[in-house]
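What you see is a predicted model; the values in this text were computed from it and never measured. Numbers restart at 1 for each chain; the letters A, B, ... are given by sequence-line order, proteins then strands.
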Amino acid sequence: MITKNIQLDEQGRLKHFLSIEGFKRQHLISILDAAEPFANVQEQAVKKVPLLRGKTIVNLFFEASTRTRTTFELAAKRLSADVLNININTSATKKGESLLDMLHNLESMHCDMFVVRHNQSGAAHFIAQHVSPHISVINAGDGCHSHPSQAMLDMFTIRRHKKEFANLKVVIVGDILHSRVARSEMHALTTLGVSEIRVVGPKTLIPTGIDTFGVHVYHNLQEALVDADVVIMLRLQKERMQGALLPSEGEYYQHYGLTEKKLAYAKPDAIVMHPGPINRGVEIASSIADGPQSVILEQVTNGIAIRMAVMSQALGPGSSDSSRKGGNA
Amino acid sequence: MTDSEMNLNLEQLLEQMYAGISRKLQNLDPEDVVMIGIHTGGFWIAEKIYQRLNLPTPLGSLNISFYRDDFSRIGLHPEVKPSQLPAGLDDKHIILIDDVLFTGRTIRAALNEIFDYGRPASVTLAVLLDRGERELPICAEITGQKISLKPDQQIKLTGPEPLQLNLVEKPVENLI
């Protein structure tokens, strides 16, 4: 789908962040490294640094989101950027304005970055191809395709707990078919050199051709969990399901819900992750979600640091015609 | 540049700083003093002096990358180390340490960052070398030595072990 990597500028610096595909290991590592000090900023009395002062970031959300939108907004605000939240349901698109006309209007207001969430795969990529050259586009989730900042915050969380990626066994459980998070994670984990990725779910929720990702497919959760270091649970995306893919939530929980009994097959220090929102008693037991191995809320906190890193890299040098002289000394 | 300036004696400069800081501390309650080194050179120097001072408060390190005034020109350093400051800088007397004081822009950024962590009672600037040519109204209370360099000369501190001062003939890019 992506023929030319428009995510990097001529100097190889981050311009748009649309999908994990197209990035090399060193790029992903540089985002993870950049996020570390931003995680500290959030523990300061004043949770703000002046890095993106004077920049304007627009949150363009065509699809419902609480966590992602608020963490992007907080990330921008903690970098001192100005943030516009555009609720598409009440915007002029309802009056018949086309998407591109709306974008060009926002460009005329001298905005610097669009953060886009859309239910159509490829939407952020389409927008990145049509905006003025000075604008950066960040994909905050497009259809079933990609959610790269979620994948990176998960990689950040994994690295903080496990240090190295190479020898990890990572299990991704549930609705792989509809999960843009799973797709981005499989790309990120592979790029970062994780040796064993296992995906597990009912046959109806595992996409065909998944073996091209180089992952191992399981249909039995206990078997998949043996010796696992990281367990990533996914939400059943009922809003995206067409037709009868599941017998019932109860039966799904029986087979694929993460319970203490099943988690005991994983390594004792395995961490349990979930991109949220969680459905207790559907894909995960409450005792696990709130238990000592759960890092679900840590993921939310880390999401802000990762988004600060991505935004500051994309709006760094070359993003405007600034030619200020002089350096620090 | 004269011979005496070429032969900068690091031990002597550190001794000079140590003496100045010790004098400063005589009038202060050690519990209220926080020593902070600016990453990286300033922190190496701060470590050396901190070892001899026996302060009850931990040594802080300050990375001013997020506060630089040239981010839009040169961007973030690829590996920014997080600042490590002791909790609660309110009402503390801060001894801020850097290796070379030049334009004053690093200290401007450092002060901004410190004030994001709290409201200190005072900030005292101590530097190993002051090469003058300030672009901002900033001065050091404690100085190892004042030197003058040609525009294409720079002093670079390498370390932490062994800690060494080097005269670089061409400007070093992005020297913090």
Task: Under 4.5 Å from a heavy atom of chain B, the part of A:Lys48 involved - done: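 Only the backbone of A:Lys48 comes within 4.5 Å of chain B.
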Might you confirm whether atom [atom1] of [X] has over 12 heavy atoms from other residues, nucleotides or ligands at distances under 6.0 Å?
| X | atom1 | answer |
| --- | --- | --- |
| B:Asn54 | CG | no |
| A:Asn85 | CG | yes |
| B:Leu136 | CG | yes |

TODO: Could you tell me which non-hydrogen atom of B:Pro82 sits nearest to which non-hydrogen atom of A:Asn40, and how far apart they are?
DONE: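 Taking B:Pro82 first and A:Asn40 second, the nearest heavy atoms are CB-ND2, 3.3 Å.
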- [ ] State, to 0.1 Å, how close A:Leu51 and B:Ser65 come at their nearest heavy-atom pair, and which atoms those are.
- [x]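 Heavy atoms of A:Leu51 and B:Ser65 come nearest at CD1-O, 4.0 Å.
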Task: Nearest-0.5 Å distance, CG of residue A:Leu52 to CZ of residue B:Phe71 - done: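 Interatomic distance, A:Leu52 CG to B:Phe71 CZ, rounded to 0.5 Å: 5.5 Å.
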Task: Within residues 114-133 of chain B, residues adjacent to chain A where the heavy-atom gap is under 4.5 Å - done: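 Within residues 114-133 of chain B, the residues that come under 4.5 Å of chain A (heavy atoms only) are B:Asp116, B:Tyr117.
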